[in-house]
Each structure stands twice: as structure tokens, then as C-alpha cells.
Amino acid sequence: MPAIRPLPDTLISQIAAGEVVERPASVLKELVENSLDADATDIGVTLIDGGIKQIRVIDNGAGVERDDLPMAFARHATSKIASLEDLESVRSLGFRGEALASIASVARVLMSSRTAGAGRAFTMGAGGSDVAAVQPAAHPIGTTVEVNDLYYNTPARRKFLKSEATEFAHCEEAFTRAALSRPDVTFSLRHNGRVVTRLAPSGLERRVEAVLGPEFAQVMRAIDANSGSLKLSGFVGSPSYTRASRDAQFIFVNGRFVRDKLLAHALREAYRDVLHGERHPAYVLFLDIDAHGVDVNVHPSKIEIRFRDPRAVHQFVFHAVVKGLAGSAAQTQAPSVTPLASGPSARLSGTQAALGIAQPAPSYASMFSGRRGHLESAAGETPSQNVAEEAPLGFAIAQLHGVYILAQNRQGLVLVDMHAAHERILYERLKTALDSRALNTQKLLIPSTFHADRLDVATVEEHSATLNLLGFDVAAISPFALAVRAVPAMLADADPAELARALLRDVREFGASRVLTERRDELLGTMACHGAVRANRALSIPEMNALLREMEETERSGQCNHGRPTWYQMSLADLDKLFMRGR
Ligand code: ADP
Ligand code: MG
């Protein structure tokens, strides 16, 4: 065994960089956070080649003194906190003092800055283990940090970078988060010499409209709630505005964009009764909480947090959003619960779908095209004749409120949640088909086109093999539009655009390989949900019976993909008890 030795400083920073500097977008995030911490009111971001070649952030903030420039690059050196007490009440975005050191250990960095009190500007370069001397320079009050050739000295990491388009899309996302977090600040974004976005300072409402689009702005509802030291403000989409993915969900805690399970759960719950199927709400919310009530030092990227009193936060956010949504529900009826004309010809365009307009209900019988035999044999029979014949789930008598199937079997009454049951069946079938590489594809007569962001387009271009394996044929038809040309045959009645969006979201969030391995079941679950019959679809008795027979043949059909039961038996004895009827 070699002796134990301390690691060289540069290597320590490179190791730390693994957590802080995952890709160009994380560099962008750290630099913009520094500009905001320096009270900048105007922040310009310039990228070359998706940020891989260069990321430059210029701000008009407080600047760095000449003698502090070398300290800015030193590991664990910060101007933002000095004690544990400061850490526990931290309000700045940065505080760990390691971003610039980490970035400089894996890229060539140039920092130029001038403070209001200084007669001139200074610049300093750092890259790998080299640090250049501080030089006089020309620069207005404020700071420019330029990061060139990310991972030039760590080729193994460089290999993990994706295409320019993908890296740019991630950068754009990081930019969007920052821009939403501070509507009072001017933001601009350029890529390869072209202006992508310019956002003038405004109120939150205008900024949200500029970033998320007028469709959302037209239906969003203001949230403004207080309870003790907790405050929630911002905008939530009315239930009529939903999206196929979670790409328009922004929560900021004390001004910091966070990904937090607890908050996401509170939001999901709040929307639960007003959203149907696998649609996702859109929101931009700001939670303000006493700094002592939240720990932001959970991960170097500072995107995760921990609440001291999670239950109180959950309750507060949940109720505030429910209240906000109740206010809107009166005005905007959720159209997704209104059945429209059925049949493929009634399919809505991608734009309409993106706006959350109801999808036409598919022809249900066609979903069971492989099961005609059952369908027809069940059709001519009345339930009572068949009770004696052992059909474990019995025979349908009626449909209740467009949600439940009532069936009669030998024991008594069977209640079936039709969407959950169908979803389960599709899920198991998808799994079997994928395992045996026998996932049949159905070509669409008319490709379904939809508006997509760059990241989706990039994902399609990079992962077409994975998409094919999953039964999809999706192609880019412009930098902002995709066309779905084929879908898994089993899901032929789902909205193809919605289905593709959901798939792309998973691929881009988790990567193609994880989607096919550890995330596979979740993905199939999402796909099944899209393909499953929607609430409020009137089913005929034969259709209901066909579903019951499918359930009997499907493994684990007793539980939906979310672990909830898909059916429930009430025996005659149970019913008798209910009516205090002594038999
Ligand atoms: P942290 O933000 O956690 O303090 P960083 O490594 O990101 O750590 O930055 C180190 C220090 O450099 C900051 O504490 C700050 O004093 C200074 N600094 C970095 N960027 C800027 C900027 N754009 N304007 C003014 N000061 C900056
Ligand atoms: Mg920082």
C-alpha cells in the first residue's frame, strides 16, 4: 500500500468540479448566480457552440477589487459568509466559495472586473493549475467572466458532453430559471453571435409571459398567501392549461430555483382533483421562508434543499395552491373532462393539445382489436346467465359516472376503476412486448406535428435508436417542430404528440440508457397512462366485458401502476351488512 498523501489542490478542485460543473449549463448557472449576488441589474450571457467552446457572462454588478481577484479563484474563498451563523441565515445564492475554483480547474477562465471606487479595471486568468498575474484592463463597472474550452484538460469528462444543440438547450433552461427568478433584472442571451432572448426589466407577470408564452399568461392565476414566516407568491396555470411534461414547473425558495420532492408533491396533490390523466400543470412559484427554516447546503449544486418543518411547508403550499385554483375553476372549466367527438378524424392539432384541450376519446373497441372473440361472445349474453360460469370479475351491468364499471360475479358486486385497469393492462403488455423485442409499430396516416423546444429536437436527433426501440418514429421538421410518424401499435389511440412529448421528457431528463433500464417501468407506465381510456368515456356493455376479460388475463391486474387497486369486490354478505339484512 502506498503512503497516505494529501491530494494536490488542482486535483481537489477537479474532483469537486465533478459535482459543481456537470456541463456548460452548470457553469452558466454559477456565473449568473455570482452576478445576481453582486447586485447586477443587467446580465448578458454569450455562448459559443452550446457553451462548450465559450460561456461569457457580463454584469454591471459591484465588481471585484484588484487584490481580491486571486481570492475569487481560490478554493473555499467567498465574500458571502464568514461564520456558521452566516451560513444558517444565508440569503445569497452562492456561499461555498468553490464554483470559480472548480470551473478554473477544468477550463480556461478569464475574469475582468472594476468596482465603482476603482479608477480602472483589472483582469486575471486561470486554467488548470496555472494562474496568470493580475493585469490592468478596460472594463466598465461590473464583471465579465469568460470560460473557454470546458474540460480541455479532462478528456474523459469532455466525452460526456452531448451535442452542441443539447448543451445549448440545457444552457437555455438554466438561463430561463435565472430570468424567472429576477424579473427586475435585464437578461440577454446570445448563441453563436445571434441574439436568442432579450428580457427587459418588468414585473413578474410580464416576465412570466415573456418566458412561458401568452397562452399560459392568459390562463394563469395569481397566488399570494401568507402564514407566519411562510409566503407563497407567483402564478399557477388554471387546470385548463396543462402540459405533457413538467417543463414549465418552476419553484424558487428564497429566490433560488430548487428541485424539491416535497414541494412537487404538494403541487401534484393540489392539482389532483382538477387534472386528469398524466397531464402536468405549469407554475412559477416563489416560496419565501425564514432562512433558518431551510437548509440550502445539501448538495454542491445547491439545487436541493431541506426544510426544518417539511410538514408545515407542505400544508401551507398545498392549501395556498388549492385556494388559488378554486378561484380559477369557476371561470375556466377544465375541458379535459369533457368528452368530445370520437374517432381519429377528430384528433386535435399539437398546438391545441399543448394548450390542454381535451383529446378526443379513442374508439374503445379498437383498443381491444386483438380480443374480438371475447368482445363478441360477451356481447349477446346477459350478465345473470353467466354468473354461474366462472368469470372471476363477473359481467358488466353498468358504468358509473364515467369512471367505474359495475359488474356482477358469483360473490356479489365488483367495482372497477376503468382507467386504472386499462392502464395496467397496457403496461403489462408493453413490458412483455419490449422484453421480447416485439413492440409493434403503427405508422400514422397523417404524422402528428407539434411545437417543440430545442432540447426536444436535440433529443430526437440524438436518440432516434432508443425511440425506435420503443416503437416510435419521430423526426425534426424544423428547429422548433417535431413530427410523430409512428407510435407503438398498442397505443395507437393515444394522442401521438402527447405521447411523444412524455417520452422525450424522460429521455432528456434521465438519458437514453437509464430510460431503457432503471427508469423503464416508469416510462412504460407513462405510456400506458396515455394509451388508457379516459374518464367520462361512455363504454358499452360488451366493451366493459372485454376489459374485465383482459384484466383476468393480465398479471397483477389487481393494482394499477401506482399501486392503487383497480377493482374492488363487495360480496353479497357485505351488502347485506350494509343494509342490516339478516340472511
Ligand atoms: P461563492 O459564490 O460561493 O462565493 P464563487 O467561487 O462562485 O463562490 O465566487 C467566489 C467569489 O468571487 C465570490 O464570493 C465573489 O466575491 C467573487 N465574485 C465572483 N463572481 C463575481 C461577480 N460577477 N461580481 C462580483 N464578485 C464576484
Ligand atoms: Mg458563486
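Small disclaimer: the values here were computed from a predicted structure and weren't measured. Below, each value reflects all heavy atoms present in this structure, side chains not excepted, and no hydrogens, waters or symmetry copies. The first residue in the sequence is number 1, and the count goes up from there. Both ligands and their constituent atoms are indexed starting at 1 by order of listing.
- Using cut-offs of 30° and 60° for the angle between ring planes, the F252 and F257 rings count as perpendicular.
- For R23 and E167, the salt-bridge test passes: some basic side-chain N is under 4.0 Å from an acidic carboxylate O.
- For the Mg ion (ligand 2), the tally of protein N/O/S atoms lying closer than 2.8 Å stands at 1.
- A salt bridge between D456 and R501 is absent, with no side-chain N of the basic residue lying under 4.0 Å from a carboxylate O of the acidic one.
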Give a table of atom pairs where an N or O of ligand 1 lies under 3.5 Å from a protein N or O.
{"residue": "ligand 1", "atom": "2 (O)", "partner": "N34", "partner atom": "OD1", "Å": "2.9"}
{"residue": "ligand 1", "atom": "2 (O)", "partner": "K80", "partner atom": "NZ", "Å": "2.7"}
{"residue": "ligand 1", "atom": "3 (O)", "partner": "F95", "partner atom": "N", "Å": "3.0"}
{"residue": "ligand 1", "atom": "3 (O)", "partner": "R96", "partner atom": "N", "Å": "3.1"}
{"residue": "ligand 1", "atom": "3 (O)", "partner": "G97", "partner atom": "N", "Å": "2.7"}
{"residue": "ligand 1", "atom": "4 (O)", "partner": "T78", "partner atom": "OG1", "Å": "2.5"}
{"residue": "ligand 1", "atom": "6 (O)", "partner": "A99", "partner atom": "N", "Å": "3.2"}
{"residue": "ligand 1", "atom": "6 (O)", "partner": "L100", "partner atom": "N", "Å": "2.8"}
{"residue": "ligand 1", "atom": "7 (O)", "partner": "N34", "partner atom": "OD1", "Å": "3.0"}
{"residue": "ligand 1", "atom": "7 (O)", "partner": "N34", "partner atom": "ND2", "Å": "2.8"}
{"residue": "ligand 1", "atom": "14 (O)", "partner": "T78", "partner atom": "OG1", "Å": "3.3"}
{"residue": "ligand 1", "atom": "14 (O)", "partner": "S79", "partner atom": "N", "Å": "3.0"}
{"residue": "ligand 1", "atom": "14 (O)", "partner": "S79", "partner atom": "OG", "Å": "3.2"}
{"residue": "ligand 1", "atom": "16 (O)", "partner": "S79", "partner atom": "OG", "Å": "2.5"}
{"residue": "ligand 1", "atom": "20 (N)", "partner": "N34", "partner atom": "ND2", "Å": "3.4"}
{"residue": "ligand 1", "atom": "23 (N)", "partner": "D59", "partner atom": "OD2", "Å": "2.9"}
{"residue": "ligand 1", "atom": "24 (N)", "partner": "T143", "partner atom": "OG1", "Å": "3.3"}

Using distance only, find each side-chain donor-acceptor pair of residues 42-51 under 3.5 Å and give its atom names and separation, not counting sequence neighbours.
none

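- Partner of E172 under the side-chain contact (heavy atoms from CB on, under 4.5 Å) criterion, chosen from D453, L189, L455: L189.
- With ring centers used as reference points, Y283 lies 6.0 Å or more from F250.
- Cation-pi geometry between R454 and F168 is not satisfied (NZ or CZ under 6.0 Å from the ring centre, within 45° of the ring normal).
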When the side chains of residues 260-270 are checked against the rest of the protein, which donor-acceptor pairs come out under 3.5 Å, sequence neighbours left out?
{"residue": "D260", "atom": "OD2", "partner": "L262", "partner atom": "N", "Å": "3.2"}
{"residue": "D260", "atom": "OD2", "partner": "L263", "partner atom": "N", "Å": "3.0"}
{"residue": "H265", "atom": "ND1", "partner": "H314", "partner atom": "NE2", "Å": "2.9"}

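- Across all non-hydrogen atoms, the minimal contact from A476 to V460 is N-CG1, 4.3 Å.
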